[in-house]
There are 2 protein chains.
Amino acid sequence: MANIQEVARKAGVSSATVSRVLNNTAPVSLTTRLKVEKAIKELNYEPSMLGRNLRNSESRLLLVLIPTFSNPYYIEIINGIEDYSLSNNYNILLCETDSNPERENIFFNMVKNKLADGIISMDPTVNMKKLYELAERHSIVLLSEYDEGGSIPYVTIDHEQAAYKAVNHLIKLGHNKIGFINSDEKFLYARKRREGYERALKESNIPVDNEWIYHTEGVDFQDGAQAMRYFFKIKNTPTAVFAVSDTLAIGALKEINNKQLKVPEDIAVIGFDNISFSNMTNPTLSTVAQPMYEMGKKAASMLINRIKGNDVESVLMDYELIIRESTMR
Amino acid sequence: MANIQEVARKAGVSSATVSRVLNNTAPVSLTTRLKVEKAIKELNYEPSMLGRNLRNSESRLLLVLIPTFSNPYYIEIINGIEDYSLSNNYNILLCETDSNPERENIFFNMVKNKLADGIISMDPTVNMKKLYELAERHSIVLLSEYDEGGSIPYVTIDHEQAAYKAVNHLIKLGHNKIGFINSDEKFLYARKRREGYERALKESNIPVDNEWIYHTEGVDFQDGAQAMRYFFKIKNTPTAVFAVSDTLAIGALKEINNKQLKVPEDIAVIGFDNISFSNMTNPTLSTVAQPMYEMGKKAASMLINRIKGNDVESVLMDYELIIRESTMR
DNA sequence: TCATCTTATGAAATCCATTACATAAAATTA
DNA sequence: TAATTTTATGTAATGGATTTCATAAGATGA
């Protein structure tokens, strides 16, 4: 592959002029411009990004940290990030951390090493201390999982209120024995959603019973199934279940089916995230929808702005309760 | 961030020596090594990948082309690719083409521009002509979708035989009205699976009826549901359905449920891919499992070998029929 | 017409790490 | 001990594009 010097030689100009033609950074006479363009075409020249990136000390690569590919929750968000980034000439590198600090380090180093220009972290298990260190010299945006009062900008929804609404919906259906499948409360979203759960119960004078709060290891289908098995084991099985993720809710649904019980007649179920499967289950799953695509776009635009040196503000997005068969009377 | 020159100055050596310490490419005396390491630590130096990549004219980035994130089929494969790549110091860039030639071009250009070292394409909609052009000067491996007799190495399974086995399984259950939900036959895998479908029928003296072969637009749930609605519309509705992807099969399942019919009693269903959700449906879905993780690993190892300049051979992997509730008697 | 401002272009420095080549010192071998 | 090899290190070129600085030619205005 030809380089800029060869193009310059062929066109009978200097490499500076070729660069000017390429980037439109200074006036170039029409005749020279044409000569250069001809040479470019003839040599089939494509500028080397390596050279350009080194000189500009940017990589135009954004890292997107997610804990695992296997949660479909992230898909739409990623689409939003990718669409926005691509149309602004940035590429995204999807980084699955597997909640593994070593992997996380690899990705952090990419930023330090100038191999990436910034990070959107959707990983609730991320090492916040290290992230803050990195944020001193690099651009970072948090998505969904965030840090209240911290200095890193974020995009999220009001988790407390969303959970409150979901649980309230179950209460209005007449339930007062409401199980809560939560993930580990080391995650902020989990703590927030628990607060919402409790507020809804208290407002309706339903006592909060810790027996009805189950904490899962992960957010896989299996974790949801296991939670449901727990609820079946205790003397006082709930008549409705709120799960903090659709994958958990679907696992619970499956376990209820296995028991030959009916949803929503015997047990109502509501999830969170509105993953595409949630509309394919039998019965279809009620859930809380976040504007994932928009959140992704917003986060990408914030990050790119940050990289350009502008200040950006955190945002709270709207969410929506989606009622389907699993919570119909 | 300090650069190699500053480290050299601080340690009182030349940058060449620092590079030698860093890469162990030539003997360095213990005393100098210690001096250099001390300077590196004090300056908090991390080598710039941009400089290194330019000099070595490599990016240690691999592109993975997929048509869309929304098919969970790809997840395990990507895990395999990523694990292998990361442990060989390569990063992967997940490229969603959306079957959009413009996007595809962006990614191809990254390779031409030395921003990426090679491509694993899982995209059946990829522009094969362009891919072959690219393959003349760059490293490429095909995964799943391949080109018979072509010069680009691939990793795949025997699609014809796998489809044959799946359909044969339905026949053995006593079905002779077997619908086939295929995707567009411009894809090789679709043509191969159709061959398998027809061979199974013919061997059992069941006539092949084109009315029972439906071609979908995509492989989303909706496409599967639509195919099933078609089967309900024709006079002679099949008693069993073979879908070329689990997402299609799940859509069909949903549609059958909507009709208040029972799977497998009224209609048996078998899919393809063994996505994680296929074990969560009601009833659980029979399917054909490909060794996705292994296929990903293999493809990554082939690509990295190619990049190193070695010759690599295409491989056929094993698959497995997974019988679940949707085809039980 | 002279002074001043634009326009157009090239030379050379720069970004950062790697490596071929050169050289000096130390170690080994004959 | 002389000759040869190995070790240890530095100098300078290299990869490819961008940009500052310098300069010459053309345009504008007084």
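Chain A is the first sequence line, chain B the second, and so forth, proteins listed ahead of strands; every chain is numbered from 1. Both backbone and side-chain heavy atoms feed into the values below; hydrogens, waters and symmetry mates do not.
- Residues satisfying the salt bridge (Lys or Arg N to Asp or Glu O under 4.0 Å) test with B:Glu294, not counting sequence neighbours, are none.
- For A:Lys38, the salt bridge (Lys or Arg N to Asp or Glu O under 4.0 Å) test picks out A:Glu42, with sequence neighbours left out.
- Listed by chain and number, the residues in a side chain to side chain donor-acceptor pair (under 3.5 Å) with B:Asn305 are B:Asn310 (sequence neighbours excluded).
- Here the straight-line distance linking atom CG of A:Leu142 with atom OG1 of A:Thr156 works out to 9.5 Å at 0.5 Å rounding.
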Check nucleotides 14-16 of chain D against the protein and report each pair of N or O atoms closer than 3.5 Å, with its distance, or say if there are none.
unit_1, atom_1, unit_2, atom_2, d
D:dT14, O2, B:Arg55, NH1, 2.5
D:dG16, OP2, A:Asn3, ND2, 3.1
D:dG16, N2, A:Gly51, O, 3.3

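- Mapping A:Ser15 and B:Ser15 onto DNA chain D via the closest heavy atom, the residue that lands nearer the 5' end is B:Ser15.
- Across the helix from C:dT1-D:dA30 to C:dA30-D:dT1, the helix axis at one end is tilted relative to the axis at the other end by 30° (nearest 10 degrees, each axis from five pairs).
- Listed for the A:Asp117 side chain is a donor-acceptor partner under 3.5 Å among the backbone atoms of A:Ser59.
- In summary, the side chains of A:Asp83 and A:Tyr293 do present a donor paired with an acceptor at a separation below 3.5 Å, with no hydrogens or angles considered.
- Regarding contacts with the backbone of D:dA17, every side-chain N or O of A:Asn56 stays at 4.0 angstrom or more from both OP1 and OP2.
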For nucleotides 6-9 of chain D, give me every protein contact, N/O to N/O, under 3.5 Å, one pair per line with atom names.
unit_1, atom_1, unit_2, atom_2, d
D:dT9, OP1, B:Ser29, OG, 3.0
D:dT9, OP1, B:Thr32, OG1, 2.7
D:dT9, OP2, B:Ser29, N, 2.8
D:dT9, OP2, B:Ser29, OG, 3.1
D:dT9, OP2, B:Thr32, OG1, 2.7

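- Residues meeting the salt bridge (Lys or Arg N to Asp or Glu O under 4.0 Å) test with B:Lys298, sequence neighbours left out: none.
- Heavy atoms of A:Asn53 sit nowhere under 4.0 angstrom from any nucleic acid atom.
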Might you work through the side-chain hydrogen bond (donor to acceptor under 3.5 Å, both in side chains) test for A:Asp123 and A:Thr97, ending with a clear yes or no? CA-CA 8 Å; A:Asp123 184 2; A:Thr97 63; 2.7 Å; yes

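- With sequence neighbours left out, B:Ser99 forms a side chain to side chain donor-acceptor pair (under 3.5 Å) with B:Thr125.
- Here the NZ atom belonging to A:Lys186 is positioned 14.0 Å from the CG atom belonging to A:Leu188, to the nearest 0.5 angstrom.
- Applying the ring-ring contact (aromatic ring centres under 6.0 Å, His included) test to every pair with at least one member in residues 97-153 of chain B, sequence neighbours left out, gives these pairs: B:Tyr146-B:Tyr154.
- If you walk DNA chain C from 5' to 3' and mark each nucleotide with an atom closer than 4.0 Å to a heavy atom of chain B, the marks span C:dC16 to C:dA20.
- Remark: B:Asn79 pairs with B:Glu76 by the side chain to side chain donor-acceptor pair (under 3.5 Å) rule, at least two apart or across chains.
- Considering only residues two or more places apart in sequence or on other chains, B:Tyr189 meets the side chain to side chain donor-acceptor pair (under 3.5 Å) condition with B:Ser183.
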